[in-house]
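Here's the structure, in structure tokens; my notes come after.
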Amino acid sequence: MIPIRCPHCQVGLKVDESKIPATIQTFNCPKCKHPIPVSFVTKNQVADDSETVILSFPGTKDAKIGKIHVLPNDSTPEQTVQLMEGVNIVGRKSNVQKSPTAIDTKDKLMSRSHIVIEVRKTANKDDYIYYLYDNKSTNRTLYNNKYIEPGEVITLKNDDEIQIGQTRLIFKEE
Ligand SMILES: [Zn+2]
């Protein structure tokens, strides 16, 4: 374990150098999420302190945000939508809906802004929480085979199923 201090937020970290993947050059600070270069770990050792957080690899889970896996059908090719921190509007891709979370599909029962998935950091900022709601869509949204009520907000869990139009989506936490 190499003790370091995050150059951005100054939190004390302990890095398990034996588990750093050879392929990565930076990892995100678990406190402030800013990238710390791997080279910094070996060059900048500091004394232990009481606020030390033990960081071991692959401990970069906290840097990853969940995805939506779109199951293929007659009108939709298989695809994966990467969610981003903040508000993600998910629906049918078109000339007016070109957001990175738009789905390439011919499913006309899917609205262009069908659902919203809000990605927020948890209170301890170590992970993300995912809120799903129907965005006043024409044909409504099924969550694990039940209609989402107007105003209802769902907290997504890994492998939850969402259906918009005739297209099924599987939420993957990572
Ligand atoms: Zn930091």
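Order of listing sets the numbers, starting from 1, for every ligand and every atom in it. None of the values given here were measured: they were computed from a predicted structure.
Among the atoms of H8, none of the N, O or S atoms falls under 2.8 Å from the Zn ion (ligand 1). The Zn ion (ligand 1) lies under 2.8 Å from an N, O or S atom belonging to C9.
Side-chain contact annotation: Y128 with E173, donor-acceptor N/O pair under 3.5 Å absent. Donor-acceptor pairing under 3.5 Å is lacking for the side chains of R92 and T105.
In the hydrophobic clustering of this structure, V116 does not group with Y130; members are Ile, Leu, Val, Met, Phe, Trp, Tyr whose side-chain heavy atoms approach within less than 4.5 Å, directly or through other members.
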Steps toward side-chain contact (heavy atoms from CB on, under 4.5 Å) verdict (V81, V70): CA-CA 8 Å; V81 173; V70 182; 4.2 Å; yes
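The angle that C29 SG and C32 SG make at the Zn ion (ligand 1), rounded to 10°, works out to 110°.
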